[in-house]
Each structure stands twice: as structure tokens, then as C-alpha cells.
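Data first, discussion second: the structure below is written as C-alpha cells.
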Amino acid sequence: MKHTLSVIAMAVVFPLAAIAQTGYSDAGGRANGMGNASVTLQDVFSVQNNQAAMAFLEAPAIGLSTQNFFLVDGGINAHYGVFALPVQKAGVFGLSANYTGDITFNQTKIGLGYGRKLAENVAVGLQLDYVGTSTSEVGSGAAFTFDIGVLYKPTKALSIGAKTFNPIRAKTGLAYEEELPAIINVGIAYQPSEKVILCLEGEQNLTDDLRIKSGVEYQLIEQLYLRGGFISNPSMFTAGIGLKIKHIQIDLNSQFHQQLGTTPGLGLRYDF
């Protein structure tokens, strides 16, 4: 009976989680406003999105972000916390924590990451992950896996990034042996001017169809950023704004699905 109920719960929760594709490579209000095209972005949320990109950070930073999917009462939420610490000549160390889900089904992911430049324009990153899965019917399970990423900047205006989560296809640790997602992200970012960034990314979950994620960021004035994006499979439009006040940046965003509605989000970054 418990197994049957767990299958029913996952049948309800997993379609929403698949649409959101959260918890693995789309942390931060900035990325959420840019169609979740995050694998090439170089900010504190790179600790979660691509550990190689955090190697380009020059100062300690902390970030928090949250999303409420489709404004469902008691529905699925995603909360992120990240911290990056550059160490002179030793690379950048990062710590990330993420909670995604609701009282019926949820996952907690905690990662310890490291990013290092191999040259001025090339970096690699690795993160060791603990993933805890909890269901209201069959209890909880735990798994250990990892992320690995790379970022290459052939020119000042161009960045190419790739990352994979859970290449070993670790299982959740629950009684029915469900596998954690195995996800590959490959993306490119082009910065035609100091005020504009264009991002395009492909995301392949080994059990699903390819998703295309795209976004743009425009710095309207020194303190204000405007963002937009599009995600395929299923189709969603995204929008966001960023407000920078000295060392603090506040990122507001929203994602729009034609049938399911709006997913609002909020992010906060502090650069020391």
C-alpha cells in the first residue's frame, strides 16, 4: 500500500518538478529571470549552477534565493543558499544548500564545491553532493553523488560552459530505488557590449527530451538590470529585474507557464 501511495505522490510531484527542473542548475534570481540559462553565468550562484564558473570570482560572496512554483497553496517551493570563498592561489571553495518540494515529496541537496583556473581563460570545477529524499508515505532515503563542470572563455566577450550532475546515476535510497536525475548542461554566453549578455543553453536529462534555455540581461543604468528569457519543453517565458545597491544586489523574477500560471522568485546577493 505504501509503495502504491508513493507512486501516486511521485506521479503528481514529478511533472511539476520536471517543468521546474529545479535543484540542480538554476539557482538564483538572476538566472531565473534569464530562462534558467545559468551554466555560463559567473556570480555566487555558480557554486550551484557550474562550479567551474565560480573560479572567476575574486571576492567572498553569499547568496539566497527562493521560488514558489505556480503559486499553489502549500505547493512546491525551492530555496537556495550559497557561499563562495576565493583563496589566493588555491582556487575558490563553495558551499551550497537547496530544498525543493512540499510536505508530500521533497529533496534536500547539500554540496561542497571547488573551482580552479587552469589558465586565465579556462577553469574546471567539482562538487560533492549529499541528496536526501523524503516522502510522506515511504519515509526517507539518502544518496551521494557529484557535479563536474568546465568553463572556457576564448575571448573577453564569449564564454562556453558545460556541467553534469549525477553522472554515476546514483539512486535516491528510497525503497523503490528511484534514480536521481542525471543531467547535462551545455551553454554559451555572448557579451556584445558591457551592458548586454546573451545566453543560450541546452539541458539534457537522460530520461527526458532536450530543453532549450535562453536569456538576456541588459544593464539599463549602473544600478538597474532588466532580464528576459524563454524555456522550451514545456514552453515558459521569464522576466526579471536586478537592483544593485553598493555590495548588495536584489533580483526579482517571474516565470510564466500558459496552463499552470506564474512562478515568482526572489534572490539576494552580497559581495564582500
Side-chain angles (χ1 to χ4, degrees), residues 6 9-10 13-28 31 36 38-41 44-55 63 65 67 76-85 91-102 105-116 123-135 138-151 161-187 201-211 213:
S6 69
M10 292 178 66
V13 174
F14 270 2
L16 294 179
I19 290 172
Q21 281 292 284
T22 189
Y24 306 108
S25 62
D26 55 3
N36 292 343
S38 62
V39 75
T40 55
L41 297 181
V44 66
F45 286 101
S46 300
V47 177
Q48 173 84 7
N49 297 330
N50 184 359
Q51 294 75 31
M54 75 178 180
S65 73
Q67 285 182 289
I76 298 176
N77 296 281
H79 309 297
Y80 299 89
V82 292
F83 174 69
L85 178 64
V92 180
F93 294 86
L95 180 65
S96 65
N98 160 244
Y99 169 91
T100 305
D102 60 7
F105 180 91
N106 59 75
Q107 286 188 327
T108 300
K109 178 175 178 284
I110 299 173
L112 179 62
Y114 175 70
R116 184 179 180 88
V124 295
L126 176 69
Q127 180 169 272
L128 303 179
D129 299 312
Y130 162 85
V131 182
T133 304
S134 177
T135 73
V138 297
S140 59
F144 291 92
T145 185
F146 65 92
D147 301 72
I148 187 168
V150 63
L151 188 72
K163 174 201 164 180
T164 180
F165 167 73
N166 190 34
I168 59 175
R169 307 192 73 170
K171 299 181 185 297
T172 60
L174 296 173
Y176 47 85
E177 293 296 322
E178 181 74 22
E179 285 187 356
L180 292 170
I183 302 175
I184 300 170
N185 295 79
V186 179
E201 184 175 327
E203 179 177 276
Q204 182 67 69
N205 184 329
L206 297 187
T207 60
D208 295 322
D209 294 332
L210 176 69
R211 303 185 85 202
K213 306 191 292 186

**Q.** Verdict with reasoning, Leu180 to Gln107, per side-chain contact (heavy atoms from CB on, under 4.5 Å)
**A.** CA-CA 10 Å; Leu180 292 170; Gln107 286 188 327; 3.3 Å; yes

Find the distance between [atom1] ([X]) and [atom2] ([Y]) and round it off to the nearest 0.5 Å.
X	Y	atom1	atom2	value
Asp129	Thr145	CG	OG1	6.0 Å
Lys171	Asn166	NZ	CG	10.0 Å
Tyr130	Leu112	OH	CG	15.5 Å
Arg169	Leu206	CZ	CG	5.0 Å
Leu126	Ile148	CG	CD1	6.0 Å
Phe144	Ile110	CZ	CD1	9.5 Å

Check: [X] side chain, [Y] main-chain N or O, donor-acceptor pair, under 3.5 Å:
X	Y	answer
Glu201	Ser38	yes
Asn50	Val39	yes
Thr172	Glu178	yes
Ser140	Ser134	no
Asn49	Asp26	yes

Q: Could you go through the side-chain contact (heavy atoms from CB on, under 4.5 Å) check for Glu203 and Ile183 one step at a time?
A: CA-CA 7 Å; Glu203 179 177 276; Ile183 302 175; 3.7 Å; yes

Q) With a 4.5 Å heavy-atom cut-off, do Phe165 and Asn205 have their side chains touching? A)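 In short, these two side chains do not touch, never coming nearer than 4.5 Å.
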
Q: Taking the side chain as every heavy atom from C-beta outward, state whether Val44 and Phe83 have any pair of such atoms under 4.5 Å apart.
A: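 Contact flag for Val44/Phe83 side chains = no.
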
[X] versus [Y], closest heavy-atom pair with distance:
X	Y	value
Ala55	Arg116	CB-N, 3.5 Å
Ala84	Val92	CB-CG1, 4.3 Å
Asp208	Gln204	O-NE2, 2.6 Å
Val47	Ser96	CG1-CB, 3.9 Å
Ala53	Ser46	CB-OG, 3.6 Å
Gln51	Asp147	OE1-CB, 3.4 Å

**Q.** Gln127 vs Met54, side-chain contact (heavy atoms from CB on, under 4.5 Å): CA-CA, chis, key distance, verdict
**A.** CA-CA 11 Å; Gln127 180 169 272; Met54 75 178 180; over 6 Å; no

(Q) Please verify the inter-ring angle class for Phe93 with Tyr114; under 30° counts as parallel, over 60° as perpendicular, anything in between as tilted. (A)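 Tilted.
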
Q) Would Asn98 and Thr100 count as having a side-chain donor-acceptor pair, cut-off 3.5 Å? A)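 Short answer, yes.
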
Q: Please lay out, stage by stage, how Asn185 and Lys213 fare under the test side-chain contact (heavy atoms from CB on, under 4.5 Å).
A: CA-CA 10 Å; Asn185 295 79; Lys213 306 191 292 186; 3.5 Å; yes

